[in-house]
Participant: 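Before I ask anything, let me first share the structure, which is written out below as structure tokens.
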Amino acid sequence: QRYLRLALMYHPDKQRARSPDEEASATAEFQRIQAAYEELSAAFDRKNGEGHFGAGKLRVRSAFAAACELGDLGEVRRLLMEEPERAAEVDELGVTALMFAASGNSCQVCAELLGARAALEAR
């Protein structure tokens with residue numbers, strides 16, 4: 001969860017209102033956070049023989065997916081107001097925003113996504 005909070009804080013989609021230098025700095029920080037998370041996840045998976053969605057594949061969550069997984073209802077609503085089609089967002093591994101919300105045990109975000117016509121079909 002700490003990773004998701006940091007990723008959401010520094011995600012490039014959240015930096016658009018800042019100056020170009022601040023945006024570039026936040027993007028570089030986001031990339032460092034993402035690289036550390038992927039390295040730790042891969043080491044954990046190798047050690048424990050366990051996997052997660054798309055184990056072994058690089059995943060960069062969108063700010064929307066991270067907000068869904070964190071259960072940040074306010075941020076999910078704000079991002080849906082900007083772009084309602086985000087409710088149907090599917091990442092490069094076939095994981096939907098609804099799946100991220102469910103994995104984060106956020107019933108409120110799941111309900112919000114369903115109200116916004118999130119895709120129920122997966123992979």
Participant: Search all heavy atoms of Met99 against all heavy atoms of Gly94 and return the closest pair with its distance.
Facilitator: SD-O, 4.2 Å
Participant: Can you check whether Leu70 reaches Phe100 side chain to side chain, under 4.5 Å on heavy atoms?
Facilitator: no
Participant: Under 3.5 Å, is there a donor-acceptor pair between the side chain of Glu22 and the main chain of Ser19?
Facilitator: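 Yes: the side chain of Glu22 pairs with the backbone of Ser19.
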Participant: What side-chain donor-acceptor pairs closer than 3.5 Å can you find for residues 104-119, not counting sequence neighbours?
Facilitator:
{"residue": "Ser106", "atom": "OG", "partner": "Val109", "partner atom": "N", "Å": "3.3"}
{"residue": "Glu112", "atom": "OE1", "partner": "Arg77", "partner atom": "NE", "Å": "3.1"}
{"residue": "Glu112", "atom": "OE1", "partner": "Arg77", "partner atom": "NH2", "Å": "3.3"}

Participant: Kindly work out whether a path of hydrophobic side-chain contacts (I/L/V/M/F/W/Y, heavy atoms less than 4.5 Å apart) joins Val90 to Leu98.
Facilitator: no
Participant: Could you check whether any side-chain N or O of Arg86 sits under 3.5 Å from a backbone N or O of Phe64, counting only pairs where one atom can act as donor and the other as acceptor?
Facilitator: no
Participant: Are Ser62 and Glu89 linked by a side-chain donor-acceptor pair shorter than 3.5 Å?
Facilitator: yes
Participant: So how far is it from Cys68 SG to Leu79 CG, rounded to the nearest 0.5 Å?
Facilitator: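 Cys68 SG to Leu79 CG: 8.5 Å, rounded to 0.5 Å.
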